[in-house]
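All remarks here apply to the structure that follows.
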There are 2 protein chains.
Amino acid sequence: MNHNISLQNVSISSSMQCCNCNLNSLCMAVSLDLSEMSKLDRIISRGKPMRKGQLLSTQGENFISVFALKTGSVKTYTTSAEGDEQITGFYFPGDLIGLNGIHSGTCPDSIQALETTTACKIEFEQLDQLSVDLPKLRRQILKTMSKDICNEQNMLQLLANKNSDERVATFLLRLSNRFKARGFSESRFRLPMSRNEIANYLGLTVETVSRVFTRMQKNGFILVNNKEIQIVELKALLKLANNTA
Amino acid sequence: MNHNISLQNVSISSSMQCCNCNLNSLCMAVSLDLSEMSKLDRIISRGKPMRKGQLLSTQGENFISVFALKTGSVKTYTTSAEGDEQITGFYFPGDLIGLNGIHSGTCPDSIQALETTTACKIEFEQLDQLSVDLPKLRRQILKTMSKDICNEQNMLQLLANKNSDERVATFLLRLSNRFKARGFSESRFRLPMSRNEIANYLGLTVETVSRVFTRMQKNGFILVNNKEIQIVELKALLKLANNTA
DNA sequence: ATTATAAACTGATTCAGATCAACTTTTTGT
DNA sequence: ACAAAAAGTTGATCTGAATCAGTTTATAAT
C-alpha cells in the first residue's frame, strides 16, 4: 500500500517536485541535495491555480502555513481598523511568503493573487521540524526572514526620504532586478499590479504615479503602454533613483 | 581546572546569568527552563557598558554576532551611498538586535548607543547550533524576526499614509507601550533620542516634530519638558493616532 | 458588438509640511 | 564657571504632491 502511494506520487507529480522545479534556485530548496529535497517534498502541498483577486490567506486568520509562489504574482496588504488598505509587498515565483505570522500566531496580512497564480503550501510546524535535521533549510528560512526585514527597511528609507520620481524609479528598477533574477527580461516587462496598487505601495496617489510615468516617458527614460513597461535609459532611471535600486 | 573555571564563572557572574536577568521574560530566555538557560548562558558574552554614541556594530562589517540589550537604548540606521542616514529602529532592554544580517553575511545597518548601554553579545553560529536542541529557543528567534517584519510593516503604513500628528502620536504611544512592557511608567518617560532622530525616523523634519510637540502640549494632551514626556490625555492621543498604537 | 464599469490620464487648485532664517535653551568641553 | 557648540523652538515663505474635477482608455458584462 505504501508502495502504491509512492508510485502514484511519482507518476502524478514527476514535474511537481522541488527537484524538478525550475525555481529551486530561488526558493527554499536552494543547495539541498536530492535526499534532503525529497524530505521537503513530502511536506509540501501544491495548490491548484488561483484566479486574480483570490486570497491565499486572510488577515486575522490562524497562522498555519507558509507559501512558496510557483507562478503568477501576489500582493500582501494589511487593512487598518478604519478600513484603509496598505500594501506591504509584491511577490513573484520563488518567493516564500507568510513567515511574519509566526510571532502572533495569526496572519498579520492578507495575500491576494494579482493574476492567475499557483503556490506551494507548507505547514509551518512541519517545516520547522524538518529544519532541525536540515541545517541548510533552517538557514534558508532565516535568510528569507532576514532579507524580508532588510527589504522593509529599504522601503522605510524610500518612504521617509524620497520624492515621487525617486520612488517610482526605484520601484521600477527593483522590479526589473527581480524579473532578471527569474530569467525574464530586465528591460521589458508587464506590471501585474494596477497604478492604484503602485501608488498605495509607494505612499503616493494614483494621479502622481500616472504623472511620473508620463514624465519619464516624455524624457525618453521608459516606454509605457498600459501595463507594459520598457526601460529605455537604464542609466537615467538609476540616476533618478539615486542608484539605490 | 575545568572545575576551577566553572566555579569562577559562578562567583563572578551570579547576577550575570540569563536566569538572574530581570529581562529574561522579554529576551530569548523566555520559557526556557534552568538547564536550557544555562546552555544559552555558555554562549553569551556580556559586554561592558558603552557610552552614548559608541557603535555596537557598523554597517558593512561581517555579520558574526547578534545582541541582546540589557540596559540603555540604541538606534539602528543605514547610511546611503549619498551619505544620508535613515534610522530604522529604536531598541530597549530585552530586545534582540542584528538578525537582519543573516542573509547577506554583512551588517546591513549600524547600531549606536543613545545613552550608556550594556548589551549581551551572541555569536550567531553558536546560537543557531544551540537552537537545534532547544525548540523553544529556535521558536523565539523566529518569533523575534517575525515580529521585526511586522513592526517594519507597521512603519510602512505609518510613513505611507499618516500625517505629522498621527506619526508623532503613534510614535509616543508605541514608546509608551514598550516602556510599560518593561515595567516602567507608561505615562511618564524620558526620550533617549533627539528631536532630529525622531524626525528622521518618522520621515519628518525637526521643525515639524517640534511644532507637533508644542501643539500637543497646548492642547493638553502631553507635557513636554525637553526630553521628559508625560502623557496627560491618553484618549486624545489615541484618537490622534487613529487608535493604531 | 455594445454598453456599463473600472482604470488611467490630465489639468487647475489647494494645502501640509519643507525650507529658510532667527532666536533660545541645553549640552559639552576647557 | 564659562565659552562654544549643539539641540530645540518659533515664525515666514515656498513647493511638491494631494485633492478636486473632468476626460479618455481599457476591461468586463450582457
Side-chain angles (χ1 to χ4, degrees), chain A residues 51-54 75 84-87 112-116 158-172 190-219 222-229 240-242, chain B residues 51-54 75 84-87 112-116 158-172 190-219 222-229 240-242:
Chain A
R51 260 169 303 153
K52 178 174 172 171
Q54 283 191 283
K75 65 171 174 181
D84 43 41
E85 190 177 306
Q86 176 61 45
I87 295 173
Q112 189 178 37
L114 295 171
E115 59 191 311
T116 304
L158 190 87
L159 294 173
N161 285 319
K162 313 229 167 188
N163 65 27
S164 57
D165 281 354
E166 293 171 317
R167 291 184 200 196
V168 175
T170 305
F171 175 73
L172 289 177
R190 190 176 185 285
L191 300 172
M193 69 292 283
S194 70
R195 299 285 192 275
N196 236 308
E197 288 167 327
I198 296 172
N200 180 294
Y201 181 61
L202 296 178
L204 301 169
T205 57
V206 211
E207 294 94 327
T208 299
V209 171
S210 182
R211 281 187 248 269
V212 173
F213 273 168
T214 305
R215 203 181 316 136
M216 283 178 173
Q217 175 153 250
K218 272 182 187 156
N219 290 335
I222 59 174
L223 277 171
V224 187
N225 185 352
N226 196 22
K227 306 218 162 186
E228 295 290 337
I229 299 283
L240 256 193
N242 288 313
Chain B
R51 261 168 304 153
K52 178 174 173 171
Q54 283 191 283
K75 65 172 176 180
D84 43 42
E85 192 176 303
Q86 177 61 45
I87 295 174
Q112 188 177 37
L114 294 172
E115 59 193 310
T116 304
L158 191 87
L159 295 174
N161 285 319
K162 313 230 166 186
N163 64 29
S164 57
D165 281 354
E166 293 171 317
R167 291 185 201 194
V168 175
T170 305
F171 176 74
L172 290 177
R190 190 175 185 285
L191 300 172
M193 70 291 285
S194 70
R195 298 286 191 273
N196 236 309
E197 289 166 328
I198 295 172
N200 179 294
Y201 181 60
L202 296 179
L204 301 168
T205 56
V206 213
E207 293 94 328
T208 298
V209 171
S210 181
R211 281 186 248 267
V212 173
F213 274 168
T214 305
R215 203 180 317 138
M216 284 178 172
Q217 175 153 251
K218 274 182 186 155
N219 290 335
I222 61 174
L223 278 171
V224 187
N225 185 353
N226 197 19
K227 305 219 162 186
E228 295 289 337
I229 299 284
L240 256 195
N242 288 312

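As the structure is a prediction and not an experimental result, all values here were calculated from the model. Each chain gets a letter, A, B and so on, in the order the sequences are listed, and its residues count up from 1. When reading the values below, keep in mind they use all heavy atoms of this one structure, side chains included, and skip hydrogens, waters and symmetry mates.
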Acceptor/donor pairs from residues 199-207 of chain A side chains to any protein atom, 3.5 angstrom cut, sequence neighbours excluded:
from: A:Asn200; atom 1: OD1; to: A:Ile87; atom 2: N; distance (Å): 2.8
from: A:Asn200; atom 1: ND2; to: A:Glu85; atom 2: O; distance (Å): 2.8
from: A:Thr205; atom 1: OG1; to: A:Thr208; atom 2: N; distance (Å): 3.4
from: A:Thr205; atom 1: OG1; to: A:Thr208; atom 2: OG1; distance (Å): 3.0

What does the list of N/O pairs under 3.5 Å between the protein and nucleotides 28-30 of chain D look like, with a distance for each?
none

Boundaries of the chain B footprint along DNA chain C (any atom under 4.0 Å from a heavy atom):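 On DNA chain C, the outermost contacted nucleotides are C:dG17 to C:dT27.
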Show the nearest heavy-atom pair for residues [X] and [Y], with the distance to one decimal.
X        : Y        : result
A:Arg51  : A:Ala113 : O-CB, 3.6 Å
A:Leu240 : A:Glu166 : O-CG, 3.2 Å
B:Asp165 : B:Met216 : O-CE, 3.8 Å
A:Ala160 : B:Gln86  : CB-OE1, 3.4 Å
B:Met193 : B:Ile198 : CG-CG1, 3.5 Å
B:Glu115 : B:Pro192 : OE2-CB, 3.5 Å

To the nearest Å, how far apart are [X] [atom1] and [N] [atom2]?
X        : N      : atom1 : atom2 : answer
B:Arg215 : D:dT9  : CZ    : C1'   : 13 Å
B:Lys162 : D:dA18 : NZ    : C1'   : 18 Å
B:Leu114 : D:dA7  : CG    : C1'   : 15 Å
B:Lys227 : D:dA7  : NZ    : P     : 8 Å

Check: A:Leu159 main-chain N/O paired with A:Arg167 side-chain donor or acceptor under 3.5 Å: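 A pair under 3.5 Å: yes.
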Under 3.5 Å: donor-acceptor pair, side chain of A:Gln217, backbone of A:Thr214: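 The answer is no, because no donor-acceptor pair under 3.5 Å joins these two groups.
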Atom [atom1] of [X] and atom [atom2] of [Y]: how far apart are they, to the nearest 0.5 Å?
X        : Y        : atom1 : atom2 : value
B:Lys227 : B:Ser194 : NZ    : OG    : 5.5 Å
B:Leu172 : B:Ile222 : CG    : CD1   : 5.5 Å
B:Asn226 : B:Phe213 : CG    : CZ    : 10.5 Å

Non-hydrogen side-chain atoms of A:Glu197 and A:Leu114 separated by less than 4.5 Å: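 Result yes, sub-4.5 Å side-chain heavy-atom pair found.
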Beyond-backbone contact of B:Thr116 with B:Lys52, side-chain heavy atoms, under 4.5 angstrom: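 No; the side chains remain at least 4.5 Å from each other.
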Nucleic acid contacts - residues 204-214 of chain A versus DNA chain C, non-hydrogen atoms under 4.0 Å: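 Per residue number, the list reads A:Glu207, A:Ser210, A:Arg211, A:Thr214.
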Atom pairs, protein N/O to nucleotides 23-25 of chain D N/O, distance under 3.5 Å:
none

Of residues 191-203 of chain B, the positions that come close to DNA chain D - non-hydrogen atoms, cut-off under 4.0 Å: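 Heavy-atom contacts with DNA chain D come from B:Ser194, B:Arg195, B:Asn196.
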